[in-house]
2 protein chains.
Amino acid sequence: MAQKLTLKKIAQELKVSISTVSKALRDSHEISVETRTKIQEYAKQYNFKPNNIALSLKNQKTKKIGVIIPEIVHHFFATVISGVERVANEKGYQVIICLSGESFDKEVVNMDMLANGSIDGFVMSLSKETMERQDFHHLREVTNQGMPIVMFDRVADDIACDKIIIDDVEAANKATDFLLRKNRRNLGLISTPDYVNVGRLRTQGFKEALMKRGYEIDESAILKVEDIENCGDKIKDFLMTGNYDGLLAVNELFAVTASKALQGMGRKVPDDVAIVAFTDGMLSKYASPTLTTIGQKGEEMGGLAAAKLIQKLESDHQEDETYETVIVKTSLIERESTP
Amino acid sequence: MAQKLTLKKIAQELKVSISTVSKALRDSHEISVETRTKIQEYAKQYNFKPNNIALSLKNQKTKKIGVIIPEIVHHFFATVISGVERVANEKGYQVIICLSGESFDKEVVNMDMLANGSIDGFVMSLSKETMERQDFHHLREVTNQGMPIVMFDRVADDIACDKIIIDDVEAANKATDFLLRKNRRNLGLISTPDYVNVGRLRTQGFKEALMKRGYEIDESAILKVEDIENCGDKIKDFLMTGNYDGLLAVNELFAVTASKALQGMGRKVPDDVAIVAFTDGMLSKYASPTLTTIGQKGEEMGGLAAAKLIQKLESDHQEDETYETVIVKTSLIERESTP
DNA sequence: CAAAACACCGAAAACGTTTTCGTAGAATTA
DNA sequence: TAATTCTACGAAAACGTTTTCGGTGTTTTG
């Protein structure tokens, strides 16, 4: 139960001053070789490690970055965290994670807590509720204090900060085009409400691909699912009413739910209905049939976000008022759900 | 870009002392109502929030708990984090997450970093490499400093700390018995190497169930998969050589891989082969057929771990040298993979 | 041999809080 | 009116570092 060793205790023990100990441990030439080695050996023997909190207070930086995401049980967010953590650790940073649980209030509370000295900067993706309200005062408050934010995936367009996104419009466009090239003509889209920007953008890409080829857009062929947990019935109804031969889903959960519903209705995937999904996660790889997906590269996005943030943190703190939006290329991963 | 407000700045601005400001903000009766409200209003207007680092240094506690897990992209661990985070936030704590990536060295480095003042206590699950080496010096170092640890799932038996586990032996026992009751007689087990304690214990439970009924144990009916990423071929070979009518898998990934392999071989699940898996995650719910699983209740385990840790942290710090091992009950969730 | 240079170390400030203690003046008591 | 108690505030220490500055005593220089 030996209490934590401090400079002061070493100093007392060795009958020198605190400053001498500090300097000796940093190999300062101000201290004689004799004293230096004596102190260093003592420190090593008793495994001295400087207290992080004291260092943070002194240096006015914590070497920690805060991550705020809606949920961690979503595979995409988990991969992002993984990427953030990897890059952060490489550069000597640690990661503090808070979950908003898709709630605006929790997002605000968590940001407030972290912003008071706990971290040097944020990596975050907005909660659904925040997207719906379009209330970004908490983000502004933080940036006004000079604390950098890097947003990813679910971003606020009118906040000045770095952003890491995928080109949702383009990706949906390509995916839709892919289905059209497979001679599917009666396409359906399973999306989220428009206030979730990825839902809106992917819908836009879907429509653009159809328009580009001169097809008209049937709004009834677009389903917007609000409640992701209990999406089964809505999706089933949707599939019953339209006679689709191709489906685009904005996440793999919708896709696999649709796939199972279709098979339950006696329709074959991919022969009768081809399916493409966003989010290349576990489900896509292991569903039956496996799903053709658009890979979102969460790991890469997380890594980029962390790298960007740390670069900002360590740039000589002159107001580097240029903000970048990095668009991560997606890739279509073909599997069994498309012919 | 208004720099962060401090007590000192408020004091200067309002021409009082720092201590007066501090007391006023904590509503001390030592300060006249007049001065008090003046200071409080000023603080509110400019949104003063005390600096967490300074508080941590002063109070010698950070109100943060460190979580070290092997991977975050595994659904089980993600649910645990979710539970930890929920309980921690309820009690005013924040969560710092580090990933060991199943590496001993990274586990040690991360623990060392966190232990130097960054957090008040640990919630953790050991890396595979640590389990293999049985080297727990880093854990001892931490506990010797008086910093509490709560371990879950992959625990070190001979470290004195609180533990949250499921009764792996019992659960495997019950699952095996379940298969036997379904009149499956030729059972196979897909497990991990024995140094992963959950693998060892589940194997033990499997064997016990067989012995209890007087069946003899065929070691060739037990596959131990080392490399979880590329388990496909090994599992396929295993299924080719034995003519199993029932399978127990120690995680859902093995189970769904086996399920697909079997179907590829023309064997029907569950008619020809029934399958039960540990870990009730996404795959089990959405695979075809859906999998009967043993729910590990990660959320609950995480919540319990956090609660236990915080209780320890806030107990009057007298050496509360009693350690508890909580066994979380599992439940068998029947789905399509068993008849 | 006096002056300058140098080697070695300690005191103290700073980071932002909280808290204990001291103290001035005002109000109360005897 | 003198002694006492309050009221309202400030000074300073403490948490554990790093770093600047100053000050010894010894060695080198002219």
Side-chain angles (χ1 to χ4, degrees), chain A residues 2-40 43 46-64 113 115-120 145-147 317, chain B residues 2-40 42-43 46-64 113 115-120 145-146 317:
Chain A
Q3 267 312 301
K4 202 63 186 143
L5 197 56
T6 67
L7 290 187
K8 189 196 274 191
K9 286 179 194 155
I10 301 183
Q12 285 171 345
E13 203 64 35
L14 266 46
K15 314 225 183 290
V16 290
S17 77
I18 296 179
S19 15
T20 302
V21 179
S22 175
K23 288 173 193 166
L25 292 179
R26 331 196 93 239
D27 246 334
S28 163
H29 56 278
E30 280 187 44
I31 308 298
S32 70
V33 183
E34 192 188 10
T35 333
R36 228 188 294 172
T37 53
K38 183 179 67 180
I39 293 176
Q40 287 174 355
Y46 293 101
N47 194 29
F48 171 80
K49 299 262 177 55
N51 180 295
N52 270 329
I53 301 284
L55 287 179
S56 294
L57 187 58
K58 183 90 183 72
N59 301 331
Q60 296 291 79
K61 53 180 64 172
T62 61
K63 287 276 191 176
K64 298 194 201 319
M113 296 191 62
N116 291 319
S118 294
I119 60 165
D120 296 336
Q145 279 175 198
M147 180 172 287
H317 242 59
Chain B
Q3 268 311 299
K4 202 65 187 142
L5 197 56
T6 67
L7 290 187
K8 189 196 274 193
K9 286 179 194 156
I10 301 183
Q12 285 171 345
E13 202 64 35
L14 266 48
K15 314 222 182 291
V16 291
S17 78
I18 295 180
S19 14
T20 303
V21 179
S22 176
K23 289 173 191 164
L25 293 179
R26 329 195 93 241
D27 247 334
S28 162
H29 56 278
E30 281 186 42
I31 308 298
S32 69
V33 183
E34 191 187 11
T35 332
R36 228 188 295 173
T37 52
K38 184 178 66 178
I39 294 175
Q40 287 175 353
Y42 185 93
Y46 293 100
N47 194 30
F48 170 80
K49 299 264 176 56
N51 180 296
N52 270 329
I53 301 282
L55 287 178
S56 295
L57 187 59
K58 183 89 182 74
N59 301 332
Q60 296 292 79
K61 54 180 66 172
T62 61
K63 287 280 193 173
K64 299 195 201 320
M113 296 190 64
N116 290 320
S118 294
I119 59 164
D120 296 338
Q145 279 174 201
H317 242 59

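Here is the naming used below: chain letters follow the sequence lines, and residue numbers restart at 1 for every chain.
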> Please give, in whole Å, the distance from dC9(C) P to Ile39(A) CD1?
Replying inline: 8 Å
Contact list (N/O, under 3.5 angstrom) for nucleotides 11-14 of chain D vs protein:
unit_1  : atom_1 : unit_2   : atom_2 : d
dA11(D) : N7     : Ser19(B) : OG     : 3.3
dA11(D) : N6     : Ser19(B) : OG     : 3.2

> Looking at residues at least two apart in the chain, or sitting in another chain, which of them share a ring pair (Phe, Tyr, Trp, His ring centres under 6.0 Å) with Phe48(A)?
Replying inline: none
> Counting only side-chain N and O atoms of Ser56(B), is one of them less than 4.0 Å from OP1 or OP2 of dT17(C)?
Replying inline: no
Extract all donor-acceptor atom pairs below 3.5 Å that involve side chains of residues 21-29 of chain A and protein atoms in other chains or at least two apart in sequence.
unit_1   : atom_1 : unit_2   : atom_2 : d
Lys23(A) : NZ     : Glu30(A) : OE1    : 3.2
Asp27(A) : OD1    : Gln40(A) : NE2    : 3.2
Ser28(A) : OG     : Glu30(A) : N      : 3.0

> What does Gln60(B) touch in the nucleic acid at a heavy-atom separation under 4.0 angstrom: a base, only the sugar-phosphate, or nothing?
Replying inline: sugar-phosphate
> Between Ser56(A) and Lys64(A), do the side chains contain an N or O donor and an N or O acceptor separated by less than 3.5 Å?
Replying inline: no
> Could you give the CD1-to-C1' distance, from Ile31(B) to dG10(D), as a whole number of Å?
Replying inline: 9 Å
> Quick one: side chain to side chain contact (heavy atoms under 4.5 Å, CB included) partners of Thr37(A), sequence neighbours excluded?
Replying inline: Val33(A)
> Within the modelled atom types, does a donor on one side and an acceptor on the other bring the side chain of Glu30(A) and the base of dC8(C) under 3.5 Å apart?
Replying inline: no
>> Applying a 4.0 Å non-hydrogen cut-off, can you work out what Ser22(A) is touching in the nucleic acid: base, sugar-phosphate, or nothing?
In response: base
> In terms of side-chain heavy atoms of Leu55(A), which of dG16(D), dC9(C), dT18(D) is nearest?
Replying inline: dT18(D)
> Roughly how many Å is it from CG in Asp27(B) to C1' in dT18(C), rounded to a whole number?
Replying inline: 16 Å
>> What is the distance, to the nearest angstrom, from the NZ atom on Lys49(B) to the P atom on dT18(C)?
In response: 15 Å
> Taking atom NZ of Lys9(A) as the centre, does the number of heavy atoms from other residues, nucleotides or ligands within less than 6.0 Å exceed 12?
Replying inline: yes
> Counting side-chain heavy atoms from CB outward, which of dT17(D), dG10(D), dC15(D) is closest to Val16(B)?
Replying inline: dG10(D)
> What is the distance, rounded to the nearest whole Å, between atom CZ of Arg36(B) and atom C1' of dT7(D)?
Replying inline: 12 Å
>> Applying a 4.0 Å non-hydrogen cut-off, can you work out what Thr35(A) is touching in the nucleic acid: base, sugar-phosphate, or nothing?
In response: sugar-phosphate
> Quick one: is dT19(C) close enough that its OP1 or OP2 comes under 4.0 Å of any side-chain N or O from Arg26(B)?
Replying inline: yes
>> Whole angstroms only, please: what is the CG-P distance between Leu7(B) and dC15(D)?
In response: 19 Å
> In whole angstroms, how far is the C1' atom of dT17(C) from the NZ atom of Lys63(B)?
Replying inline: 16 Å
>> Under the rule for salt bridge (Lys or Arg N to Asp or Glu O under 4.0 Å), what residues qualify as partners of Lys63(A), not counting sequence neighbours?
In response: Glu314(A)
>> Tell me every residue that passes side chain to side chain donor-acceptor pair (under 3.5 Å) with Asp120(A), counting only those two or more places apart in sequence or in another chain.
In response: Thr62(A)
> Taking CG from Leu57(B) and C1' from dT19(C), how many angstroms apart are they, rounded to a whole number?
Replying inline: 15 Å
